[in-house]
Student: 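Following this message is one structure expressed as structure tokens.
Note that these values count all heavy atoms, side chains included, but never hydrogens, waters or copies made by symmetry. Ligands are counted one by one from 1 in listed order, and the atoms in each one are counted from 1 as well.
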Amino acid sequence: MVELYSDYLGLPSTDPSRWRLNCTSLGETSWKYISEADSKKIPQCNCTKWLLNADNFSTPEPDVGNGDANFKAYNAAYNGASFLKLLQNQDSGTFPNQYKGPMFMTICYVGSMYVGRKEIPECEKIEIIRYIVNTAHPVDGGWGLHTTGKSTVFGTVLNYIVLRLLGMSKDHVVCRRARSTLHRLGGAIGAPHWGKIWLSILNLYKWEGVNPAPAEFWTLPYIVPIHPARWWIHTRAIYLPMSYLCGISYACELTPLLQEIRNEIYTTNFDEIQFSKHRNTVCQVDLYFPHSTILNVINSAIVWYQNYLRPDWLVKYSNKKVYELIRKEIVNTEYLCVAPVSAAFCSIVTCIEEGADSPEFERLMEAFAGNVFHGPQGMTVMGTNGSQVWDCSFFVQYLFMANLAELPEFQDAVTNAYKFLCRSQFTHECVSGSYRDKRVGGWPFSTKTQGYTVSDCTAEALKAVIMVKRSPVFAAIHDEISEEALQKAIDVLLSLQNVGSIEYGSFATYEKIRAPLIMEKLNPAEVFENIMVEYPYVECTDSCILGLTYFSEYYDYRKDDIDHSVKIAADYIKKVQGKDGSWYGCWGICYTYAGMFALEALYTIGENYENSEVVRRGCDFLVKKQLSDGGWSESIKSAELMCYINDDKGSLVVPTSWALIGLLLADYPDKEVIDRGIQLLKSRQLRSGEWKFEQIEGIFNHSCAIEYPTYRFLFPIKALGIYAKKYGKRAI
Ligand code: LAN
């Protein structure tokens, strides 16, 4: 059992056996704390027990367990899949998990509820406090941008405020330690832009000290290259409601509690702070991406314009346009919004426009529950409302790749995941005027409700669905999705490929690149990089190749277009390979992640170690990084510093699997290298088939780590399965 800081401190906790996870057929989750009497009547499902670390979680008893003399890679893949099957939710077919890591999300829930004067249920309060306490930095008691980061002003001030809003006393040791770290870092005055925005909304800072986000941008014609609708989906979704709030300098009512907090988070007296001088004051520890000079000049000009020229009517006019767009986002995502940060700001705007008691605000807060997730350390707000489609696509594919999907004992699990994918494909377009692309045929990362197509999620889901449709064993469910629906997915994928000169052939995340990459110079967020516009991503490009090539193996639709698309995508991948043979990954950590994707893409177009220089260099890079125990290890620092760095913890299961998959698919000739990696994966597996959490696997925007709890099952199963398929069931 992990020792939790909250237990050590004697903080209250709820009874894990009373929590129930509700999951709709579309994969939307919400947690309910039921009464003791009900909890005796309504059973808690096995996957929920696992999520909460319950003692009575029942694990499979394997035929051949780890430690037995004839325990081979095949058995390890089999046991891993048997274990993962237990984590599948029966109502949806998904693998619900606490998709956590970022430490600036919980304020979104607690802050909007506070602004709307809605009470958070006691059971949630207790668990949110526990999560924050349990993720405090062990040495200084502060919080970082993400759970494994150093303490920053951003993380510390926001989580401190959450604790205080939820009722923790300022004299509690947790608050005292956090406050002293916050003061050591210079106090709340050094919060980055988004931190300052939250502080201002909560009346803990003054808007004149916040860099501007003028709503007027939204009134420009789309043809203007810097129009916000050309920005990356997340950034524009966040700046949209933010610009409304900036425009009216919204601050919630100053309650006695907020008054107290004002006196706690600064190193000087609140009333003496000249906020307008602190627009650009950002603590050095927080600063990952400093402002460009051009941004500072533009900001000063806008501030001057806002102070001396800006007519009231223009603010009203722009905010009206902004609110219309917010309404469209709400409709397109059934009140969820693209992700929690924008959801919170949209909720606050709605609260202002419609009132705290309006059904609109209530529905937004209800939908927000999809982002709130419980776990052994407590409850938190996740990076998105889950990773449902992404996980199910991999589950289906990797069970096929490991020759397990068609075994009777896995057919139900594959069927459930497949049906979920079929239900999750987009079937209707966004309302017009939302600045959104056509989405029918696409797939999202999480749920259909969330509503945003992602290029690689579409490609991976498409591949998974075709695998089931090609298998005679699954004949009864082939018609769950029509061939025409697959063709629509192809249309979406082809429409997403970039054709600009620098990024020719690549794929970005949600849309084609809509604005020049140089726009990054205007990135105001200070703590993230590559957020302004879409960028070409090697992993997304790789996945798209997988989806496109797999489709065209079995169907004739748009063959020439697909061939051309795959060719230019592969050229792009080759072009961006580093001199040392590596690829830099943006969504997983980091070179091992991207290496796997690139080598798999090249494998599908027939390139391997024998016949391709690019593949050879890719493999040699990975092999050089193998550690003496046969495993691979990669640290989040790789992503931040853009060079390969091992993690302090030594070999890790997930990067080892990534490297092995790349080498196996590339037909790397030295089997000894691969055998040693396979041994490591086997040695880390428990007899039940489980692999325990070792290290955070994902990243975004170069600086923020995020956990993918299913990766430590999916990728070892894939690696072990491909190995067993290639070298036989009796190989090590
Ligand atoms: C994700 C998670 C999944 C991820 C992959 C599918 C793995 C990737 O290949 C494409 C990009 C995507 C969809 C992605 C984009 C950015 C997200 C949504 C996240 C990393 C999860 C959280 C993050 C979101 C931007 C968080 C909000 C913070 C901002 C800096 C805007």
Student: Tell me: protein heavy atom nearest atom 27 (C) of ligand 1, and distance?
Tutor: M105 CE, 3.9 Å
Student: Looking only at protein heavy atoms, which one is nearest to atom 9 (O) of ligand 1, and what is the separation?
Tutor: D456 OD2, 2.4 Å
Student: Could you tell me, atom by atom, which parts of ligand 1 come under 4.0 Å of a heavy atom of T384?
Tutor: 18 (C), 21 (C)
Student: What residue among F104, W143, Y288 forms ring-ring contact (aromatic ring centres under 6.0 Å, His included) with F154?
Tutor: F104
Student: If you measure only the distance, is there a donor-acceptor pair under 3.5 Å linking the side chains of T449 and E28?
Tutor: yes
Student: Considering heavy atoms of the protein only, find what lies nearest to atom 17 (C) of ligand 1 and give residue, atom and distance to 0.1 Å.
Tutor: H234 NE2, 4.1 Å
Student: Using heavy-atom distances only, which candidate in Y593, F445, Y510, F104 approaches atom 15 (C) of ligand 1 most closely?
Tutor: Y510
Student: Would the distance check show the side chain of Q450 and the main-chain N or O of Y452 forming a donor-acceptor pair, the cut-off being under 3.5 Å?
Tutor: yes
Student: Answer with side chain, backbone, both or neither: which part of F507 has a heavy atom less than 4.0 angstrom from an atom of ligand 1?
Tutor: neither
Student: Please state which part of C457 comes within less than 4.0 Å of ligand 1, counting heavy atoms only: side chain, backbone, both or neither.
Tutor: side chain
Student: Under 3.5 Å, is there a donor on one side chain and an acceptor on the other for N701 and E529?
Tutor: no
Student: Could you tell me if T509 and W232 have a donor-acceptor pair between their side chains, going purely by distance under 3.5 Å?
Tutor: yes
Student: Is it the case that the side chains of N523 and E520 hold a donor-acceptor pair, with the cut-off being a distance below 3.5 Å and no angle test?
Tutor: yes
Student: Can you tell me which portion of Y537 lies within the under-4.0 Å heavy-atom range of ligand 1? Options are side chain, backbone, both, or neither.
Tutor: neither
Student: What residue and atom, counting heavy atoms only, is the protein's closest point to atom 21 (C) of ligand 1, and at what distance?
Tutor: Y99 OH, 3.4 Å
Student: Relative to ligand 1, is F597 under 4.0 angstrom through side chain, backbone, both or neither, heavy atoms considered?
Tutor: neither
Student: For Y708, take its heavy atoms, then give the atoms of ligand 1 lying under 4.0 Å from any of them.
Tutor: 2 (C), 3 (C), 7 (C)
Student: About how many Å separate OH of Y644 and OH of Y584, when rounded to the nearest 0.5 Å?
Tutor: 14.0 Å
Student: Suppose we measure from atom 28 (C) of ligand 1 to each protein heavy atom; which comes out shortest, and what is that distance?
Tutor: F700 CE1, 3.9 Å
Student: Taking atom types as modelled, is there a side-chain donor on H234 or Y510 under 3.5 Å from an acceptor on the other?
Tutor: yes
Student: Quiz question: by atom type and distance under 3.5 Å, do the side chains of Q388 and S446 form a donor-acceptor pair?
Tutor: no
Student: Identify the two heavy atoms, one from R436 and one from R236, that lie closest to each other, and give their separation to 0.1 Å.
Tutor: CD-NH2, 4.2 Å
Student: Mark up the atoms of ligand 1 that fall under 4.0 Å of a heavy atom belonging to I238, in ascending order.
Tutor: 31 (C)
Student: Quick one: nearest non-hydrogen protein atom to atom 10 (C) of ligand 1, plus distance?
Tutor: T509 CG2, 3.6 Å
Student: Scan side-chain atoms only and decide if N159 and T106 contain a donor-acceptor pair under the 3.5 Å cut-off.
Tutor: no
Student: Please classify the Y452 to ligand 1 contact at 4.0 Å (heavy-atom distances, strictly less than): side chain, backbone, both or neither.
Tutor: neither
Student: Would you kindly say whether Y323 and Y244 are connected by a side-chain donor-acceptor distance under 3.5 Å?
Tutor: no
Student: In terms of atom number and element, which parts of ligand 1 are under 4.0 angstrom from non-hydrogen atoms of N701?
Tutor: 30 (C)
Student: Just to check, does V341 reach to within less than 4.0 Å of ligand 1 when the distance is taken from its heavy atoms?
Tutor: no
Student: Return yes when W194 approaches ligand 1 closer than 4.0 angstrom through a heavy atom, no otherwise.
Tutor: yes
Student: So is T235 touching ligand 1 or not, going by heavy atoms under 4.0 Å?
Tutor: no
